Structure formats: structure tokens, C-alpha cells
There are 2 protein chains.
Amino acid sequence: MVEAYKWRHRFRKHVSRWTLPRESILDLLSRTSKHLSAKEIYDDLSKAYPGIGQSTIYRTLSLLVQTGFLNKMDIGDGPKRYEYRSSSKMEHHHHLICTKCGKIIDYSDFIDEEEKLVKEAEKNITGKYNFKVQDHNIEFYGLCKDCH
Amino acid sequence: MVEAYKWRHRFRKHVSRWTLPRESILDLLSRTSKHLSAKEIYDDLSKAYPGIGQSTIYRTLSLLVQTGFLNKMDIGDGPKRYEYRSSSKMEHHHHLICTKCGKIIDYSDFIDEEEKLVKEAEKNITGKYNFKVQDHNIEFYGLCKDCH
DNA sequence: TATGGTAATGATAATCATTATCATTAACAG
DNA sequence: CTGTTAATGATAATGATTATCATTACCATA
């Protein structure tokens with residue numbers, strides 16, 4: 001929990017209390033490269049922290065997304081998944097999603113070309129649809145190395 | 001229901017029976033440019049077709065997606081939404097999603113540039129991650145003309 | 001154009017993910 | 001240390017979707 005001190009102070013800016021559930025969830029997600037669901041987080045934390053409530057997981061996840069500590073991801077069917085936004089991982093990235101086993105791979109190549117396309121598209125969208133772009137999302141679906 | 005004859009025959013290839021619920025759902029979705037949820041479809045059809053069951057809506061939607069008549073879309077929170085795949089709309093398109101009112105706008109500009117980026121990305125992904133790309137999805141989030 | 005085999009339907013219950021409620025607990029400012 | 005009040009955890013409630021199963025109705029065939 002080396003990061004806890006930094007988290008705590010960053011958190012205070014949002015006028016919230018620093019609690020054990022909050023630290024545990026952030027700690028767990030910061031240590032894995034996996035994209036975990038609320039249930040998976042609950043099951044994992046329950047080992048070291050028996051008695052933690054599911055409600056708390058959901059509430060905390062939602063708070064941590066709002067305050068920019070986590071990303072919430074929506075992968076087709078199944079529950080929402082969450083990933084830690086580290087300063088390095090915060091660098092723009094997208095996902096490769098295996099349609100067979102559901103594995104999610106982070107992908108951050110071709111960002112320059114993507115940036116160019118997105119910029120151009122945004123200009124176009126704003127002009128044609130009068131739509132103010134705030135964010136975008138790109139996903140590739142297919143078969144991972146273990147599934148084909 | 002001018003299209004019904006064509007639908008019916010296309011459907012038969014999948015060894016399925018052509019029924020009133022199936023025709024009604026396809027008819028409704030082919031006549032609107034909206035992206036409807038199962039509940040919205042149920043509410044609408046119930047007027048002209050009282051007694052239709054919710055189960056049937058879900059089952060039929062899933063079947064129509066499998067057989068390529070419809071696209072299933074996943075827009076953040078809230079229920080899944082469905083759109084008709086007409087031969088013209090089947091042309092590759094993506095969505096602009098308003099983060100305030102939830103409106104979804106179909107968007108099909110810059111397809112050439114996108115195609116180029118995607119092709120290049122696929123090559124890269126295959127080489128680096130040994131991931132066989134089957135499909136992709138691009139979404140822009142922001143504020144529509146009514147919301148800003 | 002009847003009819004029987006069977007796929008499809010609709011009512012209902014069940015499941016899964018998530019949110020709401022509320023009494024109890026614990027952060028932390030003073 | 002202590003009081004306030006935000007956060008927690010147990011529970012119920014909601015919303016979307018899937019499963020079950022007896023009944024209905026497509027449609028191939030005779």
C-alpha cells in the first residue's frame with residue numbers, strides 16, 4: 001500500500017473520507033492488469049476483509065470512477081468491469097476483446113494515427129451534426145492467441 | 001409489410017418458422033431509425049398486438065441478431081438496444097451517443113480513413129498479440145445539438 | 001384442406017446485476 | 001477525546017434478461 005498516502009491526499013480534494021474499503025478496492029485494482037467485475041472484487045476482498053458489503057463495493061466503484069481513479073468498462077453481455085487508471089495506463093488505450101473466452105487485452109499502438117483520425121472525425125462531426133465530442137471508444141473483437 | 005415476403009424467404013434458410021411476432025418486430029424496427037430497447041418494442045407492439053409476450057420479444061430479438069437481420073447495441077447503462085440492418089444501413093456505420101439525453105445518432109463519414117486505420121491496426125494486432133480481429137466498434141460520446 | 005409433429009408462444013418464476021433504504025459504525029475536525 | 005456526520009453493511013427492491021413448461025399454431029404431408 002505504498003500508494004495509499006498519495007491516494008488519500010488526492011481523495012481529500014473530493015471532500016470524502018479515506019476508509020478501509022476504499023483503500024482495499026484501489027489497492028486490488030492497482031495491483032492487477034485484469035479488468036474486474038464488482039463480484040470478482042467482492043469475492044477477492046472477502047478473503048482478506050470478511051464482512052465487506054456488496055453495496056460498499058458498488059458505491060465505492062462508482063465514486064472512484066467519478067473521481068478519476070478508475071475506468072468503468074462495458075463489455076457486451078455480463079457485468080461492468082473496472083480498471084485502475086495509473087498515470088502510465090492513463091495514456092490512451094483501447095481493448096481487444098476475445099469473443100470466445102472473454103479475455104480483454106489492453107492495446108495502445110497506433111495512437112498517433114488514431115489521434116489524427118479522431119481529430120478529423122471530431123471536426124467533421126461538430127460541423128455536420130453540431131455534436132460536441134467529449135470522448136471516444138474503439139474496440140476490436142476477435143479471437144485471442146489461445147482461442148484460434 | 002412490403003418486405004415481409006423477402007424476410008420470410010430469407011428466414012427459411014435458417015430453418016425457422018415465419019410467425020406474426022417475428023414479422024411485427026422486424027416490421028417495427030425496419031420502419032424506424034431509432035434504436036429501440038426490448039421494453040420499447042414490447043410497449044409499441046402491444047398496441048397493435050395485445051397479448052404478445054415479453055419472452056417472445058427477447059427470444060425473437062436474439063434470433064434476429066443471430067441471423068443477421070438486426071444489430072444489438074450496448075450503450076453504457078440501461079438496456080440493450082436494437083437496430084434494423086437494411087442493405088443500405090448495413091454499410092458500415094458507428095454511433096454518436098449524447099451523454100446527457102442518451103440520443104444515438106448514426107454516423108458514417110470518414111469511412112475511408114477509418115478503413116485505412118483499422119486495416120493497419122489489424123495487421124499490427126495480429127503480429128504483436130496474435131489476435132485474429134473479426135470486428136470493431138467506434139463510438140463518440142458527447143453532447144448533441146439539443147443538449148449544449 | 002385437413003391433420004399431426006413439433007417449433008414457437010405467452011404466462012410465470014427464476015436469475016443476475018445493480019440501486020435504494022436505513023439503522024449502526026467509524027473518520028476525523030475541533 | 002468527543003461529537004458530527006459520512007460511510008458502512010444487511011436487507012429489500014428494482015430492472016433487465018433468461019429458464020420453464022403447458023398450450024398454441026405453423027406448415028410439410030397426405
Side-chain angles (χ1 to χ4, degrees), chain A residues 1 4-5 7-26 35-67 69-70 72-82 102, chain B residues 1 4-5 7-26 35-67 69-70 72-82 102:
Chain A
M1 309 251 183
Y5 179 80
W7 288 336
R8 184 181 181 134
H9 280 264
R10 197 173 139 204
F11 210 75
R12 281 298 186 73
K13 287 179 190 149
H14 300 281
V15 202
S16 296
R17 294 178 181 174
W18 187 242
T19 64
L20 187 51
R22 287 167 186 188
E23 184 169 322
S24 306
I25 290 174
L26 217 34
H35 308 76
L36 301 175
S37 67
K39 182 171 188 319
E40 286 164 351
I41 293 167
Y42 175 75
D43 290 343
D44 188 294
L45 291 186
S46 290
K47 293 177 211 153
Y49 187 162
I52 191 170
Q54 309 218 40
S55 327
T56 303
I57 305 282
Y58 280 105
R59 263 187 313 235
T60 304
L61 285 171
S62 150
L63 181 71
L64 292 173
V65 168
Q66 277 175 50
T67 49
F69 284 86
L70 302 179
K72 183 177 186 177
M73 351 176 354
D74 204 337
I75 303 301
D77 298 323
K80 302 282 184 295
R81 296 186 166 274
Y82 299 83
Chain B
M1 309 252 183
Y5 179 80
W7 288 337
R8 185 182 180 131
H9 280 265
R10 196 173 141 205
F11 211 74
R12 282 299 185 74
K13 289 181 188 146
H14 300 282
V15 202
S16 294
R17 293 178 181 173
W18 187 243
T19 65
L20 188 51
R22 288 168 186 188
E23 185 169 321
S24 307
I25 290 174
L26 218 33
H35 307 76
L36 301 175
S37 67
K39 182 173 187 320
E40 286 164 351
I41 293 167
Y42 175 75
D43 290 343
D44 188 294
L45 290 187
S46 290
K47 295 176 209 151
Y49 186 162
I52 192 170
Q54 309 219 41
S55 328
T56 303
I57 305 282
Y58 280 105
R59 265 187 311 235
T60 304
L61 285 171
S62 150
L63 181 70
L64 292 173
V65 168
Q66 276 175 52
T67 50
F69 284 86
L70 302 178
K72 183 177 186 177
M73 354 177 352
D74 203 338
I75 303 301
D77 297 324
K80 302 283 182 295
R81 297 187 165 273
Y82 299 83

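This one's a predicted model, so the numbers in the text were calculated from it and none came from an experiment. Residue numbers begin at 1 in each chain, while the letters A, B, ... track the order of the sequences.
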Quiz item: What distance separates L36(B) CG from Y82(B) OH, expressed to the nearest 0.5 Å?
Solution: 11.0 Å

Quiz item: Once each nucleotide of nucleotides 8-17 of chain D is scored for protein heavy atoms under 4.0 Å, what B/S/- sequence comes out, 5' to 3'?
Solution: BBBB----SB

Self-check item: T56(B) backbone acceptor or donor facing T60(B) side chain under 3.5 Å
Solution: yes

Exercise. Would you kindly give the NE2-to-P distance between H14(B) and dA8(C), to the nearest whole Å?
Key: 13 Å

Exercise. Quick one: pull up CD1 in I25(B) and OH in Y49(B) and give me the separation to the nearest 0.5 Å.
Key: 9.0 Å

Exercise. Can you check whether any acceptor in the base of dA8(C) is under 3.5 Å from a donor in the side chain of R17(B), or vice versa?
Key: no

Quiz item: By salt bridge (charged side-chain N to carboxylate O under 4.0 Å, His left out), which residues pair with R81(B), not counting sequence neighbours?
Solution: E40(B)

Quiz item: Over its full length, what angle do the end axes of the helix from dT1(C)-dA30(D) to dG30(C)-dC1(D) make, each axis taken from five pairs and the result rounded to 10 degrees?
Solution: 30°

Practice problem: For side chain to side chain contact (heavy atoms under 4.5 Å, CB included), just list the numbers for L64(A) and F11(A), CA-CA rounded to whole Å, side-chain angles, deciding distance to a tenth of an Å, and then say yes or no. | Solution: CA-CA 9 Å; L64(A) 292 173; F11(A) 210 75; 3.7 Å; yes

Self-check item: Separation of atom NE2 in H9(B) from atom P in dC27(D), rounded to whole Å
Solution: 10 Å

Quiz item: Is it true that a side-chain atom of D74(A) and a backbone atom of K80(A) form a donor plus acceptor pair closer than 3.5 Å?
Solution: no

Quiz item: Starting at CZ of F11(A) and ending at P of dA6(D), how long is that distance when rounded to a whole Å?
Solution: 14 Å

Practice problem: Could you tell me whether the side chain of Y42(B) reaches within less than 4.5 Å of the side chain of I57(B), counting heavy atoms only? | Solution: yes

Quiz prompt | Atom-to-atom span, CG of L61(B) to P of dA8(C) - whole angstrom | solution = 15 Å

Quiz item: Are R22(A) and L63(A) close enough that some pair of their side-chain heavy atoms sits under 4.5 Å apart?
Solution: yes

Quiz item: Restricting to pairs with a member in residues 41-61 of chain B, which pass salt bridge (Lys or Arg N to Asp or Glu O under 4.0 Å), not counting sequence neighbours?
Solution: K39(B)-D43(B)

Quiz item: Roughly how many Å is it from CG in D77(A) to P in dC16(C), rounded to a whole number?
Solution: 14 Å

Exercise. Report the residues that fulfil side-chain contact (heavy atoms from CB on, under 4.5 Å) with R8(B), sequence neighbours left out, ordered by chain and then residue number.
Key: R12(B), W18(B)

Exercise. Nearest whole angstrom, please: distance from the C1' of dT18(C) to the CD1 of I41(A).
Key: 14 Å

Self-check item: Short side-chain to backbone donor-acceptor contact, S16(B) and H14(B), under 3.5 Å
Solution: yes

Practice problem: Report the distance from atom CZ of R8(A) to atom C1' of dA29(C), rounded to the nearest whole Å. | Solution: 13 Å

Practice problem: Rounded off to whole Å, could you give me the CD1-to-P distance for the I57(B) and dT18(D) pair? | Solution: 13 Å

Show me the protein contacts with nucleotides 28-30 of chain D, counting only N or O atoms at under 3.5 Å.
unit_1  : atom_1 : unit_2 : atom_2 : d
dA28(D) : OP1    : R12(B) : NH1    : 3.4

